[in-house]
Amino acid sequence: MKLITAIIKPHKLDDVKAALKTIGVDGMTVTEVRGFGRQGGHTETYRGTEYQVDFLPKVRIEAVVDDLDAGDVLDTIVSSARTDKIGDGKVWVSPVDEIVRIRTGERGAEAV
Amino acid sequence: MKLITAIIKPHKLDDVKAALKTIGVDGMTVTEVRGFGRQGGHTETYRGTEYQVDFLPKVRIEAVVDDLDAGDVLDTIVSSARTDKIGDGKVWVSPVDEIVRIRTGERGAEAV
Amino acid sequence: MKLITAIIKPHKLDDVKAALKTIGVDGMTVTEVRGFGRQGGHTETYRGTEYQVDFLPKVRIEAVVDDLDAGDVLDTIVSSARTDKIGDGKVWVSPVDEIVRIRTGERGAEAV
Amino acid sequence: MDGATTAWLLVCSALVIFMTPGLAFFYSGMDRSRNSLNMLMMNFWSLLVVPLVWAVLGYSLAFGGSGSLLGNLDSAFLSGTGIGADQGESLVWLVYLGAFAAITPALISGAVADRMKFSAWAVFVPLWSLLVYVPVTFWIYGGTDADGALTGWLATRGSLDFAGGTAIHVNAGIAALAAVVVLGRRKGWPSEGHPPHSMPLVMIGTAILLFGWFGFNSGAGGLTDGVAIQAFANTFLAAAAGGFAWALTERVKDGHFTNLGVASGMVAGLVAITPAAGFVSGMSPIWIGLAAGVVCAFAVGLKFSAGFDDSLDVVGVHMVGGLVGSLLIGLFANPGALGDFEAGLLNGGGAGLLLEQFIANAVTIVFSFAVTFAILKVLDLTMGIRASEDDELTGLDVSQHAETAYNLAESTMAR
Amino acid sequence: MDGATTAWLLVCSALVIFMTPGLAFFYSGMDRSRNSLNMLMMNFWSLLVVPLVWAVLGYSLAFGGSGSLLGNLDSAFLSGTGIGADQGESLVWLVYLGAFAAITPALISGAVADRMKFSAWAVFVPLWSLLVYVPVTFWIYGGTDADGALTGWLATRGSLDFAGGTAIHVNAGIAALAAVVVLGRRKGWPSEGHPPHSMPLVMIGTAILLFGWFGFNSGAGGLTDGVAIQAFANTFLAAAAGGFAWALTERVKDGHFTNLGVASGMVAGLVAITPAAGFVSGMSPIWIGLAAGVVCAFAVGLKFSAGFDDSLDVVGVHMVGGLVGSLLIGLFANPGALGDFEAGLLNGGGAGLLLEQFIANAVTIVFSFAVTFAILKVLDLTMGIRASEDDELTGLDVSQHAETAYNLAESTMAR
Amino acid sequence: MDGATTAWLLVCSALVIFMTPGLAFFYSGMDRSRNSLNMLMMNFWSLLVVPLVWAVLGYSLAFGGSGSLLGNLDSAFLSGTGIGADQGESLVWLVYLGAFAAITPALISGAVADRMKFSAWAVFVPLWSLLVYVPVTFWIYGGTDADGALTGWLATRGSLDFAGGTAIHVNAGIAALAAVVVLGRRKGWPSEGHPPHSMPLVMIGTAILLFGWFGFNSGAGGLTDGVAIQAFANTFLAAAAGGFAWALTERVKDGHFTNLGVASGMVAGLVAITPAAGFVSGMSPIWIGLAAGVVCAFAVGLKFSAGFDDSLDVVGVHMVGGLVGSLLIGLFANPGALGDFEAGLLNGGGAGLLLEQFIANAVTIVFSFAVTFAILKVLDLTMGIRASEDDELTGLDVSQHAETAYNLAESTMAR
Ligand SMILES: Nc1ncnc2c1ncn2[C@@H]1O[C@H](COP(=O)(O)OP(=O)(O)O)[C@@H](O)[C@H]1O
Ligand SMILES: Nc1ncnc2c1ncn2[C@@H]1O[C@H](COP(=O)(O)OP(=O)(O)O)[C@@H](O)[C@H]1O
Ligand SMILES: Nc1ncnc2c1ncn2[C@@H]1O[C@H](COP(=O)(O)OP(=O)(O)O)[C@@H](O)[C@H]1O
């Protein structure tokens, strides 16, 4: 099994979710995160004091998928999350030894 | 070392934490996340406009544990998080090369 | 590639970010999380009812880096996040098979 | 009615109307996030439906005629009120008292938090208003004979209730208990914790309640005279004393001064001074406030031993606080400049007033408990009053109202 | 001016001033988090800049002289007002009416949410106030001849507008439509959802609006008499009826009672009773409120078929609600005790009043639409009125104001 | 006291009482989330403890007798006030002025944010009230001789302070500076940022402050006359001008119109008009508001160069704003219709008034700084006034009050 982790722009979440559904990914977990990168941040000013805000809102998607699907999932995320503007984010793939569906105790491919 | 990641229902967090403590897991990190899966979501309505909310509140637990404990921890989470209703979540195990306790610089089993 | 995951105290985030920038880490993703560990929690009281709050605010940092840099990054986080008080947190390293920059489709070292 | 009185009663009406939203925020902040809109809605619902029922039926039944048990229908459907009838003199009272009528069932909502079907609440409110609030109000404030004296049977016996300690707070407090008995506990209570989801919202509610309460107590005399001033001052001092006493009690008992303690104590002090506001003077409001703060700070703990899941302590604050104030009238009542009524024990009166205070509250408690219990039992058998387990777990905001309180996420995930 | 009237008008002024922040919270809560401060700011801006413009020019132009189309500059720069001139008699009106002037452009902000450059809004507000609000106000309320009768041309024709149904709500509502037409839709509308970011904030705003509205409607008669009482009572009942009707409509249509429905319905009821508050009595306010609640609950859906991104339904609530109330005056107007004016159809009058109501609103709609459209076109050509796509995506809080609404994180990450 | 005056002073009292919670929200929103309840509590505490101290001792010492330095104990423990004594005439003043007394120490809390032990604050408030607020108040407003003239020494010299510019804002502002000096900086200041945790809460506080301030300034004359109207209008215009000026200053200086700028500027304008409200007319309030907005927008930056961690700019807004308004009286004071007092420089007076204004403020500054410093030093040596480093880092909400502001999480993790 592989874990696909993607950091994307928040407003692309719906597109990515829809694209993943199309290729049969039925489950994922998302988190509101903050990203630091080349995109840079912005400044805020409160009573004349400037604050540099380096961390921008991003959404993190995790999906555990079959080894064979990993490539597809990766590509699908990349193409559906892309806006061609800086800050689009990253996707990475890492190994998973085992996965269990809590409700049924099913393991491996059946659990995702 | 292994990293155990679990996605569970929010109201089961206390039970899972208690169960993990019993088997000697002394540390974990949890995150409020949103899950998409077979459980489906719900709709909300604001001034007659319907919103489909696909993402449901879940809690994500991460615990790095000794290779030998991984199986136990996995089973303990599964049994303590189970409600037998759809949406109970997943647990997966992935490899960790190294872990350090920041305070002391201890590594490996001593760090968890 | 390696994924470095660090759980640190929230007020150390700026220091860690600065230290990582110094050694050339240009991107990272952070999440507000809650940690359970030896540090213990605190109690809150509402109308005489006590609540045990076991989970303390922490910040989780994720950075995917080159295999060769992993050690350096680990050490830098450990030294910059350290306060020598209990609850300083953990850093762990795990393997990453592949990483893609969404904007450009670049892979591997060029993507981080 | 002269211009000053008109202006004053209108301002007081606006203040009292503002209190129901204030209560909504006070309760909603204390509730968990996933039920916080349901809590708001239960209160706002009361502010919508009660004024309509009141205009159509309630006011006439609660105040009309010269009977001893219930009014008549002479003013039903606003007939004989309004500018055409008497230059608005009865209409301003209809509005002012309608605002009191609206907040009373809202008080009960705190007890049934997190588990009542909203449809059942929607029906309960007008029923309770007509079947419980209206008769009790008549007994205490209703009916007028040819000489302008009250004819309600509790009023004629001689008990005192300036702005609704018995008629409103004890009444709603005991009804809350009846509701808890019929409805049962929340899943997971008391083991699972229910900390307030937003203390700032609680404090916003507290501020509005305090502000509005001046209209509640100070307008109740109906004139812009010394009694209004004294009632206002008493309200100010009792709120301060109540908050101070509760906060101090918690500091001693649990080790900290808490915001929720301050808020609860202010409300307890305000509740306790409500029946007494126009009947006491000097340092009495401070004693009443201090007493309410301490007593209620302990009273809210009793639900655990009693096993009643009165979620937001309606009984412990409103019934107990109302009783404290109402009974202390028997000690502190100070006629003379304030008017012509029985003196309290400490001001040279006998035990007679204390006894009447006791009787009025006992009667209210028995009647309100019984009828509230009956209404809810009937609703339970017909439409069901308890939300399904699933709805309770999901949260009432989504299940009853298809809304969520906060959507702070940048993405389209709801929060 | 006697003491009671002075006190009353000052209190009403404070209440109306409080409404603009109330509106800010009502709108801001409905907006998404990343634009919520921009929404607050558009409203507060109106509360800053309009009073200044009003004191310097607006009041004099909107009320002075005895013309039929526009006032004069006799009271510009506060000359001839103030305690020295007439013991404050004109000054209290300048303030009270200034509070009305301040909230009117603020109403429009709900329609342009999420995409207007703040600098353009900053300029638009005083312009709109002088070029649209001031003339319309003069036509309806302005000018006085030697006998003290109004000389504005719509007033002399005989249409009625007690506290600003036409002059304020219909006026701002149609201006909102013009603004939407010039500004275009938000990116992603209607496919992307825009759920309210904080319903508790919406309800706080609603509570303040309701509270303040009593000053709005009840003070508009200028006296502490039966008319003030009747207007107050009508406001109370119409708000309740409006909220009740909207909530029920949604329950039938979409399956749930919602908080936003209650809030919207209360506002719709309040809007509708505004023009009628001092002209109707008895059960009429309830009918007006019910009508507004139902009609507006349907009206807010029309923007989707029409393709107009009126973000927070200013047209559907304020223009439609204002029209409902204004036209129903033609049916329910009830002179006699309330004053000397044409009776409505149901009270034995002819269709004349209804026709005049129709004309006054039609004139306002045409004029306000045209001038608002022109102002915004000119601003668009000169300074640009639409935020850049990037700014819209980032959110207007950060891009226009360099601020974020909530920083709840423990770390230094902004939230 | 006639009915209108009674009603008016009671309404104004309620408005002023509402201001302390308003201030609590204003400050709390600006604070970081983990200290936001401590900030609320410091303010609410003042609203609890000061009224009690005031009723028991403060009022009598601040107003009684006919001395020049301090009152007497004739009215201590409310003796000789209340309905029995004079139909409530002194009681309504006790309450109204008690509301002023309550907000004054609360103002200081903004300066000591995030690091003061709550137990020390709990003791500091009543001490400061009696040892600083009471004497200064007496000098400016206290004592009455046989002819009804004030006998406090600053009042007899001829300085003017309508509603507390010197007695309240300058006084609390300089006390804030003393507190900062004794308490020291927050850990991590100024390097670490402290952005407001909830701007909507700041704006809610601002709205309540603005609303309540009308009672503060407009009731201070004690009558429902032209002075009340003028003071009200001045308050309205100065608030608008202050917000406008600050916002514009920031736009020029930092590039954006900000919500916090608007809020701060409105408060600065309100502070500045407070001493002048009943002494100026015409366009003067606008000039005063504009001046305060600009000056304070720059003044808040000085703490960085001076190295004083006045966390929420109490000195920069209240002391500086109060001074601006108080000194500008020396220019704009306009007797005649407003009363019998010295004219300002621009209205044909000499420099005498300006000098007296200067003296009154200088005296207040020296006295208040010295005594506040002494009180805090003594408290520091006895009970300690600074929270431990650990408590500061954890946040004062949890460490001082065992509460958290927000628990939005669905799970049992506190948030
Ligand atoms: N090495 C990294 N490890 C983890 N997350 C990263 C890394 N680099 C970037 N990110 C995440 O990706 C987001 C976008 O990266 P950025 O460098 O701004 O633009 P781009 O993806 O277009 O190169 C960042 O905000 C951060 O959340
Ligand atoms: N492939 C997956 N990868 C990561 N998380 C998943 C995956 N599938 C499901 N989840 C998480 O598990 C939760 C429960 O899954 P769901 O399919 O709804 O029910 P069940 O666990 O009972 O099969 C989801 O809400 C999501 O958070
Ligand atoms: N086994 C673990 N797996 C994942 N996270 C852990 C683990 N142990 C501790 N943590 C995280 O590290 C934080 C600090 O751990 P703690 O035991 O309190 O102190 P210390 O790091 O000083 O040993 C915890 O709050 C938790 O977030």
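Within every chain, numbering begins at 1; the chains are lettered A, B, ... in the order of the sequence lines, protein sequences first and strands thereafter.
The contact between V96(B) and chain C is made by backbone and side chain atoms together, counting heavy-atom distances below 4.5 Å. Using a 4.5 Å cut-off between heavy atoms, E106(B) does not touch chain C at all. Heavy atoms closer than 4.5 Å to chain B are found in both the backbone and the side chain of I86(C). At a 4.5 Å heavy-atom cutoff, the contact between K85(C) and chain B is made by backbone atoms alone. Neither the backbone nor the side chain of S94(B) comes within contact range of chain C; no heavy atoms are under 4.5 Å apart. Heavy-atom distances place both the backbone and the side chain of K90(C) under 4.5 Å from chain B.
Atom CD of residue E32(B) and atom CZ of residue R34(C) lie 9.0 Å apart, to the nearest 0.5 angstrom.
Within the 4.5 Å cutoff, the side chain of W92(C) has no heavy atoms near those of the M1(B) side chain. Side-chain contact between E98(B) and K2(C) is absent, with no heavy-atom pair separated by less than 4.5 Å. Two residues are said to be in side-chain contact when any heavy atoms from C-beta on lie closer than 4.5 Å; F36(C) and L20(B) fail this criterion.
When all heavy atoms are compared, the tightest approach of I7(C) to I102(B) is O-CD1, 3.7 Å. Taking all atoms of both residues into account, the shortest heavy-atom contact from V33(C) to V30(B) is CB-O, 3.4 Å.
Taking L3(C), V78(C), I8(C) one by one and counting their heavy-atom pairs under 4.5 Å with chain B, the maximum is reached by V78(C). Highest contact tally toward chain B, considering only L74(C), D88(C), V93(C), is held by V93(C) [criterion: heavy-atom pairs under 4.5 Å]. Between chain C and the options R60(B), K21(B), R101(B), heavy-atom pairs under 4.5 Å are most frequent for R101(B). When each of V112(B), T29(B), D97(B) is checked for heavy-atom pairs under 4.5 Å with chain C, D97(B) comes out on top.
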